[in-house]
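Here is the structure we will look at, set down as structure tokens.
Throughout, residue positions are numbered sequentially from 1 according to the sequence presented. On a predicted model such as this, the values are computed, not experimentally measured, just so you know.
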Amino acid sequence: IETVGDANERFQEDALRMMRALRFVSQLSFTCAPKTIKGLVFNKHLLGTISVERITSEFGKLLDGSHVQEAISLLVKTDLHAYLPGLAGKHERLKQLADYSINQLQSEDEKWALVMLCTDTLEDVEKTLRKWRLSVKHIRSIRSIMKVVKELSDHPNIKWLLYQYGISYVLSANRLLAVLGSDKVFEEEFLTKQWQSLAIHDSSELAVNGSDFIQWAAGRPSGPWISEALSIISKKVINEEIKNDKECIFREAKRCNLI
């Protein structure tokens with residue numbers, strides 16, 4: 001990849017061209033000419049003058065390229081990452097990210113989740129992704145995938161995890177674990193069959209609701225106890241300890257002092 005004329009002049013005209021150069025490395029399997037790399041290093045600070053939205057758009061396309069590992073390595077080599085939201089000082093973590101087969105992941109949110117797993121914490125990721133100006137929908141999705149990655153690694157109750165997060169997030173997290181080289185990866189067919197075998201797939205399929213618990217509790221005022229009771233009962237239904245039947249649930253709720 002070479003600029004038309006002097007690299008410094010081109011990057012100073014529009015600093016976003018530096019991100020585009022890396023994006024072309026990722027998408028087209030090109031390499032950067034030595035003069036281009038020098039221009040990237042010399043003008044990297046100019047990324048600070050570009051709107052975050054434009055940078056985020058280019059970075060998302062970079063992540064989607066078939067040679068994203070080479071692009072991430074160049075990002076680190078030129079120190080451009082120091083001017084991207086939340087990535088300053090993450091040199092070694094980004095080098096680790098470049099070792100993973102990012103293009104084996106299927107969705108944009110999975111790829112963002114891998115970036116965040118390598119460079120951030122679950123506690124801080126929402127704050128970091130806001131700096132990238134990602135939508136609330138994408139932030140919630142990325143954070144959910146990260147949470148499921150952690151729970152899948154901790155010998156989970158698979159059926160309960162599927163019920164809580166849904167098949168899509170669990171499959172995404174499972175793919176991330178495969179890319180990370182974890183030994184806790186499940187066969188996708190197994191996860192799909194587990195999902196299909198669930199007695200209920202969301203709270204709307206449960207044979208009772210909060211109003212039933214208020215009625216059973218003889219006028220006890222509504223409060224957090226209702227959602228807690230519904231969660232306990234849902235888990236028992238998922239684990240096939242009781243049937244998804246209103247009378248069975250009533251007896252179990254009474255036995256467990258939920259009402």
Any residue meeting salt bridge (Lys or Arg N to Asp or Glu O under 4.0 Å) with K35, in chain and number order, not counting sequence neighbours: none
Residues forming a salt bridge (Lys or Arg N to Asp or Glu O under 4.0 Å) with R220, sequence neighbours excluded: none
Output side-chain donor-acceptor pairs under 3.5 Å for residues 69-77, partner residues at least two apart or in another chain, one line each.
unit_1: Q69; atom_1: NE2; unit_2: A98; atom_2: O; d: 3.3
unit_1: Q69; atom_1: NE2; unit_2: Y100; atom_2: O; d: 3.1
unit_1: S73; atom_1: OG; unit_2: Q69; atom_2: O; d: 3.1

Pairing residues for E241 by the salt bridge (Lys or Arg N to Asp or Glu O under 4.0 Å) criterion, not counting sequence neighbours: K236
Any residue meeting side chain to side chain donor-acceptor pair (under 3.5 Å) with D109, in chain and number order, not counting sequence neighbours: H138, S141
Verdict with reasoning, K111 to E108, per salt bridge (Lys or Arg N to Asp or Glu O under 4.0 Å): CA-CA 5 Å; K111 293 168 185 178; E108 179 183 356; over 6 Å; no
Non-neighbouring partners of N209 that pass side chain to side chain donor-acceptor pair (under 3.5 Å), sequence neighbours left out: none
Residues which pass side-chain contact (heavy atoms from CB on, under 4.5 Å) with E189, listed by chain and number, not counting sequence neighbours: K193
Qualifying residues under side chain to side chain donor-acceptor pair (under 3.5 Å), relative to S204, sequence neighbours excluded: D202
Donor-acceptor pairs under 3.5 angstrom involving side-chain atoms of residues 145-152: please list them, not counting sequence neighbours.
unit_1: K150; atom_1: NZ; unit_2: D154; atom_2: OD2; d: 3.4
unit_1: E151; atom_1: OE2; unit_2: Y165; atom_2: OH; d: 3.0

side-chain contact (heavy atoms from CB on, under 4.5 Å) partners of E126, counting only residues at least two apart: R130, I139, R143
Pair up each side-chain donor or acceptor in residues 223-231 with any protein partner under 3.5 Å, not counting sequence neighbours, and list the distances.
unit_1: W225; atom_1: NE1; unit_2: P221; atom_2: O; d: 2.8
unit_1: S227; atom_1: OG; unit_2: P224; atom_2: O; d: 3.0

Sub-6.0 Å ring centroid separation between W195 and Y163: no
Where at least one partner belongs to residues 11-41, residue pairs that pass ring-ring contact (aromatic ring centres under 6.0 Å, His included), sequence neighbours excluded: none
